[in-house]
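One structure below.
Convention: sequence-line order gives letters A, B, ...; per-chain numbering from 1.
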There are 2 protein chains.
Amino acid sequence: MKISVLGEGTRCRLCHDCTARGFAICAALDKTELRELAQLSRHVRFESGATVFAQANIATSFFSVHAGTLRLYKLLPDSRRQIVGFALPGDFLGLPGLPRHEFSADAIGRVTLCQFSKESFATFAENRPQLLRRMIELAGRELARAQEHMVLLGRRSAEEKIASFLIGWRDRLSGIGRGGEIMPLPMKRLDIADHLGLTIETVSRTFSKLERDGVIQTFASGVVLLDTPRAEALSAGIS
Amino acid sequence: MKISVLGEGTRCRLCHDCTARGFAICAALDKTELRELAQLSRHVRFESGATVFAQANIATSFFSVHAGTLRLYKLLPDSRRQIVGFALPGDFLGLPGLPRHEFSADAIGRVTLCQFSKESFATFAENRPQLLRRMIELAGRELARAQEHMVLLGRRSAEEKIASFLIGWRDRLSGIGRGGEIMPLPMKRLDIADHLGLTIETVSRTFSKLERDGVIQTFASGVVLLDTPRAEALSAGIS
DNA sequence: TGATCGGGTTGATCTCAATCAAGGACAACA
DNA sequence: TGTTGTCCTTGATTGAGATCAACCCGATCA
């Protein structure tokens, strides 16, 4: 496995001016606690395509995404794949109470994470209601996102799916201060297809259609929303 | 709204020999706390079809299901519907951190719930790590279920969807001690369709096919799994 | 310079589930 | 007893997206 642990010296510096701290689990902690938690963590890096953890394996760690994007997915025995989400900086991976990983996670491009042993994190959190409440909050937000995605998978057309995906991605990026004219899409067409319950061909055709209709413009570096109201209408299911 | 609040006298009796207590959040509480929490709750009853709360409304209460089944669903503006789940006794409804209801909930048959004001529940939970951890656990379990459902919606055939649904329903019922030869399905065909991303006709046809193939047998009162291994194989995606 | 490869696009055809349409079973009720 | 309404089933047809197939483009490399 392509995993490299960064040196001890890097640890605190990373935590100190961590760009993800505002939205990560750490937001619930004061300075002292932050330092204490940093002692329990190690920073790990994964190169593009590397698997951080695999579905059904015993989960021994929690992770907090520091930089990069991950795809989180479940596989069926015949290798059909459903990407249940993409993780961005600030996202917390792992759930107390479930002994095994519920999905696999791998890096899209280079990724760095804070890794905590489940036990030590649990001990640390045990009597810190503020941190526990923060975990509930993050879990709730994740659950809301999952439910919204069920609507997409169960009840939307291909065009609506792509539009929803783009609007949702834009919102997530701007939520972590990465908004901008041109929106990077680090994942491949196949990832998008497996996220939206489509095939790669349908994704490609739908991008082409949206471009032909003047809703978006695609570049190697990402996508620009030309007709945001139209995209938002499609995303909302008005049409 | 068809809502009736049960008398004060009923309150404690219900809590005392509550059939859902073992799997509800209350499982995290000791006797004293349980009594204290009971003070904050009121028991409410909804008749079949009544709406407990509606999507996008301000959430002022949390609920814990005491008896009955609810459908939890999201609507698109043009009235397409996705049922994101069914709630059973022990399920907790509502999430701290989100001001509005993320979905609507209504009763399938008669339902009774424990209702808590969000504020008083939050105050009660504030410094009870055990309760907070229990909430994380329940949220995590719910999230895992949501992700499994995404696989179903995005990557499974109609036949696999129905088989998965039946197996999942069986497991949930047995998880709350309601397992049995004949499995009641309180929801209508349309509910199943809107849960699985199908139409009512496809659900009906697929039930017929599974019955023709000797996998299930349907009765007015529910369904019997005749060929469980076959149903489980379909459910797992092996076929 | 050409060969190879991964990722993406586009066209032709097929298929599974949606849609359209009709009718059956059963309960509630006048 | 017939009427109405709800829920479910079944058949015929359609259509959105899957599948099959070909090709494009840029990067890498011999």
Side-chain angles (χ1 to χ4, degrees), chain A residues 47-49 71 76 78-83 106 108-109 152-166 184-213 216-223 234 237 239, chain B residues 47-49 71 76 78-83 106 108-109 152-166 184-213 216-223 234 237 239:
Chain A
E47 299 303 325
S48 190
R71 71 181 145 252
L76 291 179
D78 61 357
S79 90
R80 278 176 284 177
R81 185 177 70 154
Q82 176 67 43
I83 292 184
D106 45 45
I108 298 176
L152 180 148
L153 290 170
R155 286 294 177 235
R156 295 171 116 102
S157 69
E159 197 176 10
E160 290 171 338
K161 283 177 175 181
I162 297 288
S164 288
F165 170 68
L166 293 174
L185 290 181
M187 69 293 288
K188 315 235 168 269
R189 292 286 185 268
L190 182 57
D191 293 327
I192 298 177
D194 283 346
H195 187 41
L196 304 182
L198 298 170
T199 58
I200 186 173
E201 293 95 331
T202 301
V203 170
S204 185
R205 271 186 254 273
T206 309
F207 268 99
S208 299
K209 178 175 191 310
L210 288 173
E211 188 148 30
R212 227 180 303 123
D213 295 350
I216 63 171
Q217 191 165 4
T218 57
F219 298 94
S221 54
V223 171
L234 278 169
S239 53
Chain B
E47 298 303 324
S48 189
R71 68 180 148 252
L76 292 178
D78 62 356
S79 91
R80 278 175 284 178
R81 186 177 71 153
Q82 176 66 43
I83 293 183
D106 45 45
I108 297 176
L152 179 148
L153 290 169
R155 288 290 176 238
R156 294 172 116 102
S157 70
E159 197 175 9
E160 289 171 339
K161 283 177 175 182
I162 298 288
S164 288
F165 169 69
L166 292 174
L185 290 181
M187 70 293 288
K188 314 234 167 269
R189 293 286 185 269
L190 183 56
D191 293 326
I192 298 177
D194 284 346
H195 186 42
L196 304 182
L198 298 171
T199 58
I200 185 174
E201 293 95 331
T202 300
V203 170
S204 184
R205 270 187 255 274
T206 308
F207 267 98
S208 298
K209 177 175 191 310
L210 289 173
E211 187 149 30
R212 227 180 303 123
D213 295 351
I216 62 171
Q217 189 165 6
T218 58
F219 298 93
S221 54
V223 172
L234 278 169
S239 56

Nearest whole Å is fine: how far is [N] [atom2] from [X] [atom1]?
X	N	atom1	atom2	value
B:Arg155	D:dG17	CZ	C1'	11 Å
A:Lys161	D:dA16	NZ	P	14 Å
B:Asp191	D:dC8	CG	C1'	13 Å
B:Arg189	C:dA25	CZ	P	16 Å
A:Asp194	D:dG17	CG	P	17 Å
A:Glu160	D:dA16	CD	P	12 Å
A:Leu198	C:dA17	CG	P	15 Å
A:Ile162	D:dA16	CD1	P	17 Å

For B:Arg212 and A:Thr199, take the nucleotide of DNA chain D holding the closest heavy atom to each; which residue's nucleotide lies nearer the 5' end?
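In this pair, the answer is B:Arg212.
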
Under-4.0 Å side-chain N/O to phosphate OP1/OP2 contact, B:Thr202 with C:dA17
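So the side chain of B:Thr202 is outside the cut-off, no N or O lying under 4.0 Å from OP1 or OP2 of C:dA17.
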
Strictly below 4.0 Å: does A:Ser208 bring a side-chain N or O up to OP1 or OP2 of C:dT10?
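So the side chain of A:Ser208 is within the cut-off, an N or O lying under 4.0 Å from OP1 or OP2 of C:dT10.
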
Is any side-chain heavy atom of [Y] closer than 4.5 Å to one of [X]?
X	Y	answer
A:Leu166	A:Leu185	yes
B:Arg189	B:Leu198	no
A:Arg81	A:Leu190	yes
B:Leu152	A:Gln82	no
A:Ile162	A:Ile192	yes

Hey, what are the protein-to-nucleotides 12-15 of chain D N/O distances that come in under 3.5 Å?
unit_1: D:dA12; atom_1: N6; unit_2: B:Arg205; atom_2: NH2; d: 3.4

Is it true that a side-chain atom of A:Glu159 and a backbone atom of A:Leu234 form a donor plus acceptor pair closer than 3.5 Å?
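Here the side-chain-to-backbone pair does not exist.
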
Looking at D:dC20, does its base get a donor-acceptor pair with the side chain of A:Glu201 below 3.5 Å?
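Indeed there is one.
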
Roughly how far apart are A:Asp194 CG and A:Met187 CE, rounded to 0.5 Å?
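Taking CG in A:Asp194 and CE in A:Met187, the distance rounds to 12.5 Å.
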
